[in-house]
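What follows is a set of notes on a single structure, which appears directly below.
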Amino acid sequence: MAADVDKRQPDDEGKNSPPNGHRSPGSGSWVLRRMWTLLVVSAVPLVAFGIKYYQDAQFLKRHEESVRTLGAEGLFLFSSLDTNHDLYLSPEEFKPIVEKLTGITPPVDFEDEVIHDPNGETLTLEAKMQPLQLDSMTKSKDGFLGVSHSSLSGLRVWKSPAVPSSSFSASQFRAFLPPKNKGEVGDTWWVIPSELNIFTGYLPNNRYHPPTPKGKEVLIHSLLSMFHPRPFIKSRFAPQGTVACIRASNDFYYDIVFRIHAEFQLNDVPDFPFWFTPGQFTGNIILSKDASHVRHFHLYVPSNRSLNVDMEWLYGASESSNMEVDIGYLPQLELLSTGPSTPSVIIDEQGNVIDSKDINGEPIQFIFEDIHWTSEISRQEAARRLEVTLYPFKKVTYLPFSEAFERAEAENKLVHSILLWGALDDQSCSGRTLRETVLESSPVLALLNQSFISSWSLVKELENMQADEQNPVLSVKARLHLEKYNFPVEMMVALPNGTIVHHINANFFLDQTAMKPEEEGATFSFSGGFEDPSTSTYISFLKEGLEKAKEYLTH
């Protein structure tokens with residue numbers, strides 16, 4: 001049928017064409033319709049622009065009215081609740097104020113349905129804490145001169161856990177079980193994935209109340225709430241979230257090592273926000289593969305380093321206000337199970353419910369079999385795999401200061417040494433940009449592995465080494481490093497005897513690489529993949545160190 005129509009079209013057109021080439025009235029209406037269509041299409045962007053202009057104008061008007069009504073500080077507090085920044089508070093956004101005024105916390109919403117067995121086992125956790133040592137903070141050296149009392153008010157009053165003891169259903173710890181494709185010893189996975197990177201930036205500072213936890217976040221939030229009522233289970237800076245690794249396994253149990261990057265908001269209105277960020281939370285859980293039984297649970301902030309907490313607080317009523325930064329030492333922040341999880345209801349072999357207490361009124365004592373692992377790795381190896389998952393720059397081994405120089409001498413290599421205020425591989429770090437850019441780039445990783453022994457050290461630790469008269473050789477190496485150090489981070493190339501042959505400050509390095517390529521003649525290299533200016537500059541720094549070392553090695 002379609003072919004027949006096509007064959008008739010030329011003839012039909014000839015029959016329907018008006019004489020003398022004049023168009024019919026119908027053809028004029030067709031042109032008019034086309035013109036109207038073009039007008040409508042061209043008007044759409046103009047209408048959209050007009051709507052956007054109107055919305056922006058209304059938003060600016062509301063913002064100006066808000067400043068007049070609330071003042072700058074009032075608007076700052078309002079904005080801390082206004083999570084979508086539309087200058088209106090929804091019931092969800094207003095909920096923290098309701099909870100504060102009424103003292104009643106509504107039940108938490110679950111994103112994923114978690115089935116709790118009323119007859120399941122229960123695990124009891126105890127929280128222990130030794131407060132931050134104020135004299136470990138840098139600002140304590142001048143008596144906190146210039147630091148307002150209100151800024152540190154939340155820190156000064158936080159002396160003990162918010163909830164010393166709490167019971168959990170064993171099934172809640174199902175959140176730590178590995179996904180289906182991660183069942184082998186050594187496998188790592190994200191329990192709560194990080195949503196930030198060097199390109200997305202960081203989350204805002206002007207917040208007091210954590211967002212409502214969902215899914216697996218609920219358990220982590222509940223655990224950290226035993227320490228303080230306002231935990232943010234996703235830190236403001238990358239890498240955030242929670243990672244886990246199977247350390248050991250048998251037919252019935254997993255031993256899972258985990259690491260959490262979270263922080264607390266210690267201040268509340270009317271004081272400005274004070275962020276308390278432990279370097280990390282780590283620990284392990286031994287649980288059955290169906291999460292019906294938890295044999296052991298331990299969560300803590302490592303205290304093996306001289307400084308392990310980053311603190312930041314605002315001094316004004318806006319996101320761009322001045323922020324103070326300090327670092328300190330927290331001796332203890334820890335959750336520990338009092339024993340294995342136990343049934344809430346005890347049933348005998350005939351299926352009868354029996355009393356949970358003996359004839360003397362004492363709780364029945366349970367006897368648990370020893371666990372024998374059929375496959376396992378060391379705790380240190382599991383921790384290393386978690387580090388590499390969080391920090392790709394740890395694909396290069398970073399040795400302790402003294403060990404790095406011993407290895408360099410044995411292998412006849414130079415030491416790539418980074419000296420900084422806070423730890424490079426946790427959230428108390430002052431070298432976030434460095435580790436998230438050049439140190440994890442493939443060309444830099446390859447050169448470091450090939451020609452260097454790498455190490456990073458805290459300034460405070462090297463100051464202690466320098467003062468150690470019992471180890472004069474190490475004291476000299478520490479002194480040589482400290483002589484070249486400038487705040488906040490110094491990268492150095494050193495001989496095995498500690499002599500610094502080349503060094504560059506992180507701020508100077510970042511200023512250099514921030515320049516436009518055409519301003520400094522910087523080039524982009526496509527050998528072995530794309531290299532940004534910072535990668536090229538760092539490789540040049542390392543190669544210059546290798547070249548300068550020849551002068552010392554030939555003498």
Side-chain angles (χ1 to χ4, degrees), residues 105 121-137 152-170 172-173 175-176 191-192 210 213 217-233 235 242-244 247 255-267 274-287 293-311 327-342 363 366 368 379 382-383 386 423 426-428:
T105 302
E121 297 189 0
T122 300
L123 183 73
T124 300
L125 300 181
E126 289 185 347
K128 299 178 181 179
M129 175 185 178
Q130 296 179 45
L132 184 111
Q133 296 179 354
L134 292 176
D135 60 1
S136 67
M137 297 174 65
L152 304 183
S153 59
L155 177 64
R156 294 182 188 276
V157 300
W158 189 30
K159 303 285 188 182
S160 59
V163 183
S165 179
S166 185
S167 294
F168 294 81
S169 167
Q172 288 180 264
F173 293 88
F176 284 107
V191 178
I192 299 175
E217 300 172 357
V218 174
L219 174 64
I220 307 299
H221 183 273
S222 299
L223 293 171
L224 298 185
S225 292
M226 292 183 67
F227 297 128
H228 192 276
R230 289 187 297 279
F232 284 71
I233 60 171
S235 55
T242 302
V243 292
R247 192 205 68 80
D255 182 359
I256 294 173
V257 177
F258 56 84
R259 178 165 170 166
I260 301 169
H261 285 180
E263 54 192 345
F264 300 102
Q265 177 52 245
L266 301 192
N267 279 356
F274 183 103
W275 293 94
F276 187 92
T277 310
Q280 60 169 294
F281 297 87
T282 189
N284 75 303
I285 180 171
I286 300 175
L287 77 168
H293 177 67
V294 177
R295 179 61 61 89
H296 171 79
F297 182 85
H298 188 205
L299 178 152
Y300 63 99
V301 173
S303 56
N304 58 315
R305 291 172 177 163
S306 57
L307 299 167
N308 60 354
V309 176
D310 178 74
M311 290 161 282
I327 194 167
Y329 179 68
L330 180 71
Q332 183 183 35
L333 197 62
E334 181 177 21
L335 294 180
L336 186 63
S337 54
T338 58
S341 63
T342 54
F366 292 89
F368 298 93
R379 180 67 182 266
L386 293 178
D426 70 24
Q427 297 302 83
S428 65

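Residues take their numbers from the sequence shown, with the count starting at 1.
With rounding to the nearest 0.5 angstrom, the CD1 atom of Ile256 is 12.0 Å from the CZ atom of Phe173. Going from atom CD of Glu263 over to atom CZ of Arg230 covers 13.0 Å, rounded to the nearest 0.5 Å. Summarising the geometry, atom CG belonging to Leu307 is positioned 10.0 Å from atom CD belonging to Gln133; distances are rounded to the nearest 0.5 Å. With rounding to the nearest 0.5 angstrom, the CD1 atom of Ile220 is 4.5 Å from the OG1 atom of Thr242. One finds the CZ atom of Arg379 at 5.5 Å from the OG1 atom of Thr282 (value rounded to the nearest 0.5 Å). Taking CD from Gln427 and NE2 from His261, the interatomic distance works out to 4.5 Å, rounded to the nearest 0.5 Å.
Residue Ser341 comes nearest to Phe368 through the heavy atom pair O-CZ, 4.0 Å, listed as atom of the first residue, atom of the second, then distance. Here the shortest heavy-atom pairing between Leu123 and Pro340 reads CD1-C, 4.0 Å. For Ala175 against Leu219, the heavy-atom pair with the smallest separation is CB-CD2, 4.0 Å.
Side-chain atoms of Asn308 come within 3.5 Å of backbone N or O of Leu330 as a donor-acceptor pair. A donor-acceptor pair under 3.5 Å is formed between the side chain of Gln265 and the backbone N or O of Asn267.
Two residues are said to be in side-chain contact when any heavy atoms from C-beta on lie closer than 4.5 Å; Trp275 and Met311 fail this criterion. Taking 4.5 Å as the limit, every side-chain heavy atom of Phe176 sits out of range of all side-chain heavy atoms of Val294. In this structure, the side chains of Leu125 and Ser337 come closer than 4.5 Å at one or more pairs of heavy atoms. Within the 4.5 Å cutoff, the side chain of Leu155 has heavy atoms near those of the Leu134 side chain.
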His228/Phe276 under ring pair (Phe, Tyr, Trp, His ring centres under 6.0 Å): CA gap, chis, key distance, verdict: CA-CA 11 Å; His228 192 276; Phe276 187 92; 8.6 Å; no
Per-pair distances, 0.1 Å, donor-acceptor, side chain in residues 296-303, under 3.5 Å, sequence neighbours excluded:
residue, atom, partner, partner atom, Å
His298, NE2, Glu334, OE2, 2.6
Ser303, OG, Pro331, O, 3.4

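For Asp255, the side chain to side chain donor-acceptor pair (under 3.5 Å) partners at least two apart in sequence or on another chain are Arg247, Asn284. Judged as a side chain to side chain contact (heavy atoms under 4.5 Å, CB included), and not counting sequence neighbours, the contacts of Ala262 are Leu224, Ile260, Phe281. Under the rule for a side chain to side chain contact (heavy atoms under 4.5 Å, CB included), the partners of Thr338 that lie at least two apart in sequence or sit in another chain are Thr124, Glu126. Listed by chain and number, the residues in a side chain to side chain contact (heavy atoms under 4.5 Å, CB included) with Ser166 are Val163, Phe168, Met226 (sequence neighbours excluded).
Within the structure, salt bridge (charged side-chain N to carboxylate O under 4.0 Å, His left out) contacts touching residues 156-165 (residues at least two apart or in different chains) do not occur.
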